[in-house]
Amino acid sequence: MYELKTKENDASVIEFIENVENPKKREDAYQLLDLFTETTGYQAKMWGPSIIGFGAYHYKYDSGHEGDAPLVGFSPRKAKISLYFATGDTKREELLKKFGKHTSGKACVYINKVADIDVKILKELINQSITFLKEKYPAK
């Protein structure tokens, strides 16, 4: 049976950020920590070894695959900072048009630094993602 690797754990978020090698990326990680915490109202938790997540939801796909994931999150990776928002939300694409310098994949939005983006739009993306996921996967 498939075992989900990215699970919420008790590792220290601050310790993880302190171990980010690049000082500017570490500074951005603290700024994102504050922004996500303030916007979501959730306490930051580590998910797997490198994702800082906020809140959680339980998903179940038509295939039968199910698990838990953070509502939103980020990870200060070596190359870029990964931002995690809901996939499949059409409003996300509209907001990203006004977001600033970024690239995006299916689940992640990648930025080089916080200074490249509109923080107001980031807050809207966070709130929109949470709203979308809570509607799509209502708590039982």
Side-chain angles (χ1 to χ4, degrees):
M1 181 152 171
Y2 176 77
E3 179 71 24
L4 201 61
K5 290 187 188 93
T6 309
K7 291 182 179 173
E8 185 179 321
N9 61 67
D10 291 328
S12 168
V13 171
I14 300 301
E15 209 171 283
F16 171 70
I17 293 174
E18 281 299 315
N19 284 312
V20 171
E21 285 181 33
N22 181 315
K24 181 63 185 137
K25 199 159 275 179
R26 189 177 327 119
E27 189 181 308
D28 278 353
Y30 277 119
Q31 191 177 352
L32 288 169
L33 178 64
D34 289 345
L35 281 163
F36 274 77
T37 302
E38 174 191 311
T39 306
T40 66
Y42 291 108
Q43 182 182 349
K45 295 279 192 176
M46 289 302 301
W47 286 76
S50 61
I51 295 173
I52 299 169
F54 299 81
Y57 70 100
H58 186 80
Y59 61 86
K60 186 170 186 173
Y61 299 138
D62 292 339
S63 65
H65 177 79
E66 64 181 297
D68 296 307
L71 289 165
V72 290
F74 70 93
S75 183
R77 306 212 184 259
K78 264 193 184 3
K80 293 183 182 267
I81 297 169
S82 300
L83 305 173
Y84 299 93
F85 303 114
T87 56
D89 182 5
T90 54
K91 290 182 183 168
R92 175 180 115 154
E93 296 312 310
E94 286 302 308
L95 288 169
L96 286 175
K97 289 176 185 172
K98 305 179 276 185
F99 188 50
K101 189 177 172 187
H102 75 281
T103 56
S104 57
K106 186 177 179 187
C108 296
V109 174
Y110 305 98
I111 62 171
N112 289 317
K113 56 188 183 287
V114 174
D116 287 344
I117 60 166
D118 184 329
V119 170
K120 187 172 152 253
I121 300 296
L122 173 61
K123 289 179 180 183
E124 287 183 49
L125 280 161
I126 292 168
N127 286 324
Q128 177 55 36
S129 188
I130 291 171
T131 299
F132 176 80
L133 288 169
K134 284 185 172 180
E135 287 172 2
K136 186 168 179 165
Y137 301 102
K140 292 185 167 85

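Side-chain atoms are counted along with the backbone in the values below, which use heavy atoms only and exclude waters and symmetry mates. Residue numbers count from 1 along this sequence.
- Atom OG1 of T37 is separated from atom CD of Q43 by 8.5 Å, given to the nearest 0.5 angstrom.
- For E94, the salt bridge (charged side-chain N to carboxylate O under 4.0 Å, His left out) partners at least two apart in sequence or on another chain are K97.
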Show me the donor-acceptor pairs, under 3.5 Å and distance only, between side chains in residues 74-83 and residues at least two apart or in other chains.
residue, atom, partner, partner atom, Å
S75, OG, S50, O, 2.4
R77, NH1, S50, OG, 3.0
R77, NH2, Y84, OH, 2.8
K80, NZ, N112, OD1, 3.1

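- The shortest non-hydrogen separation linking R92 to G105 is NH2-O, 3.1 Å.
- The two residues P138 and E135 make their nearest non-hydrogen contact at CD-O, 3.6 Å.
- Remark: D118 engages no residue in a salt bridge (charged side-chain N to carboxylate O under 4.0 Å, His left out) (not counting sequence neighbours).
- Annotation: the span from E8 atom CD to K45 atom NZ amounts to 5.5 Å, rounded to 0.5 Å.
- For the pair I130 and F54, the minimum side-chain heavy-atom distance is 4.5 Å or more.
- Between N9 and G48, the shortest heavy-atom contact is ND2-O, 3.0 Å.
- Donor-acceptor pairing under 3.5 Å is lacking for the side chains of Y137 and E66.
- When all heavy atoms of H58 and D68 are compared, the pair lying nearest together is ND1-OD1, 2.8 Å.
- Judged by distance alone, the side chain of H65 and the main-chain N or O of K60 form no donor-acceptor pair under 3.5 Å.
- Of all heavy-atom pairs between L71 and L133, the closest is O-CD1, 3.3 Å.
- Interatomic distance, NE2 of H102 versus CD1 of I121, reported as 11.5 Å (0.5 Å rounding).
- Y110 and W47 fall into different hydrophobic clusters, where Ile, Leu, Val, Met, Phe, Trp and Tyr side chains are chained together by heavy-atom contacts under 4.5 Å.
- When side chains are defined from C-beta on, L32 does not count as touching I52, because their heavy atoms never get closer than 4.5 Å.
- Side-chain contact check for I117 versus K101: every heavy-atom pair is 4.5 Å or farther apart.
- Residues passing the salt bridge (charged side-chain N to carboxylate O under 4.0 Å, His left out) test with D28 are K24, sequence neighbours excluded.
- In this structure, the side chains of F99 and L96 come closer than 4.5 Å at one or more pairs of heavy atoms.
- A donor-acceptor distance shorter than 3.5 angstrom exists from the side chain of R26 to the backbone of E21, with no hydrogens or angles considered.
- Neither V20 nor I111 shares a network with the other; the hydrophobic side chains, linked directly or stepwise wherever heavy atoms of I, L, V, M, F, W or Y lie under 4.5 Å apart, form separate groups for each.
- Interatomic distance, CD of E27 versus CG of N22, reported as 10.0 Å (0.5 Å rounding).
- For the side-chain contact (heavy atoms from CB on, under 4.5 Å) test, residues two or more places apart in sequence or in another chain that qualify with S12 are I14, E15.
- With sequence neighbours excluded, the residues forming a salt bridge (charged side-chain N to carboxylate O under 4.0 Å, His left out) with E38 are K123, listed by chain and number.
- A side-chain donor-acceptor contact under 3.5 Å links T40 to the backbone of F36.
- In this pair, Y59 and Y57 present their aromatic rings tilted. The plane angle is within the 30 to 60° band.
- Atom CD1 of residue I17 and atom CG of residue L33 lie 4.5 Å apart, to the nearest 0.5 angstrom.
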